[in-house]
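Working notes, structure below.
Start at 1 and go down the list; that is how both ligands and their atoms are numbered. All values below were derived from every heavy atom in this structure, side-chain atoms included, with hydrogens, water molecules and symmetry-related copies excluded. For the single chain, residues carry numbers from 1 onward in sequence order.
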Amino acid sequence: MNITPSELGLVARVASLSKHYGSGSTRVTALDGVSVGIRRGQFTAIMGPSGSGKSTLMHIMAGLDSATEGQVWLGDTEITRLGDSELTMIRRRRVGFVFQSFNLVPTLDIEGNILLPFELDGRRPTTQEREWIDTLVDSLGLRDRLRHRPYELSGGQQQRVAIARALGSRPELVFADEPTGNLDSRTGREVLSLLATSASTYGQSIAMVTHDPVAASFADRILFLADGRIVEDRPRSTAAEISELMIGMEARA
Ligand SMILES: Nc1ncnc2c1ncn2[C@@H]1O[C@H](COP(=O)(O)OP(=O)(O)O)[C@@H](O)[C@H]1O
Ligand SMILES: [Mg+2]
């Protein structure tokens, strides 16, 4: 009998995952035999230098890109060999995304952007979901912005809209790729606190890619990638501890 990812307390899992781009002399190994689980209800940071495979790992776990070798589970669903339409459905229903560049729809107002995942799924929020979205809108300070367009908001406000959109349907896992990359440090910290609170207060599972030790210090756990491999797996650490670890890793590289 196989033990399921859920029984292990995992919301996502990859086993012996490799990803190669191109072929022959131009072949690039982005991931090289990665095995790791993302724990349910935790805020996990994925760190590593530029080109270490962070985005590739996130994209494959989210069903946005396919593995060359190995296996990928989202919850207890093995998604490794699913087709595009099944993957699209899974992304819509079970995953949320926050990107560095916010990715809001410029022609929709803020409320339209927050409700977009429901729109794409062809349904309206339930009463319970509506209440949750109201809670998010209020706690993110977006109540008086609902009729505005994204361009009328500051970067920090736009990222809060993206967070409300990602959390609104309570997805199994929220992926965030450098979510504070375009924000000033104070606004960035607010966004990180929100993500940390979503995990600690609401049990939202979050996987965040970052190269910023301050951002990673908000996480419950920090995975370090180097050359497509996981080289460290640490519990919550201070920004200073994380910086020191990164400097040590660079010195060994
Ligand atoms: N679509 C692609 N085609 C070719 N090489 C790619 C592609 N995407 C990523 N890579 C390469 O794979 C490696 C890992 O990239 P990436 O996952 O984006 O790293 P990170 O997010 O840590 O900066 C890099 O060497 C990068 O150049
Ligand atoms: Mg990247």
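- For atom 18 (O) of ligand 1, the nearest protein heavy atom (residue, atom name, distance) is S55 CB, 3.8 Å.
- Under the 4.5 Å side-chain heavy-atom criterion for grouping Ile, Leu, Val, Met, Phe, Trp and Tyr, V209 is not connected to M246 through any hydrophobic cluster.
- When hydrogens are left out, the protein atom nearest atom 16 (P) of ligand 1 is T56 OG1, 3.6 Å; that is the closest non-hydrogen contact.
- Distance screen at 4.0 Å: atom 27 (O) of ligand 1 has no protein heavy-atom neighbour inside the cut-off.
- R143 and D134 are joined by a salt bridge, as a carboxylate oxygen and a charged side-chain nitrogen come within less than 4.0 angstrom of each other.
- Looking only at heavy atoms of the protein, atom 9 (C) of ligand 1 is closest to Y21 CE1, 3.4 Å.
- Across D65, T29, T26, a single residue satisfies side-chain hydrogen bond (donor to acceptor under 3.5 Å, both in side chains) together with Y21, and that is D65.
- The side chain to side chain contact (heavy atoms under 4.5 Å, CB included) test with L136 is passed by exactly one of L142, L167, I114: L167.
- Residue-ligand proximity: G51 is placed with a non-hydrogen atom under 4.0 Å from ligand 1.
- Taking atom 19 (O) of ligand 1 as the reference point, the nearest protein heavy-atom neighbour is G53 N, 3.2 Å.
- Within ligand 1, counting atoms from 1 as listed, the ones closer than 4.0 Å to a heavy atom of P49 are 22 (O).
- Note: Y202 and W132 have perpendicular aromatic rings, judged against thresholds of 30 and 60 degrees for the angle between ring planes.
- Within the coordination shell of the Mg ion (ligand 2), defined by N, O or S atoms under 2.8 Å, S55 is present.
- Salt bridge D121/R123: present, at least one basic N to carboxylate O contact under 4.0 Å.
- Heavy atoms of S50 come nearer than 4.0 angstrom to ligand 1 in at least one pair.
- Distances below 4.0 Å separate heavy atoms of V28 from the following atoms of ligand 1: 11 (C), 12 (O), 25 (O).
- Salt bridge absent: R170 and E131 never bring a charged side-chain N and a carboxylate O closer than 4.0 Å.
- Interatomic distance, CG of L87 versus CG of L82, reported as 5.0 Å (0.5 Å rounding).
- Closest protein heavy atom to atom 12 (O) of ligand 1: A30 CB, 3.3 Å.
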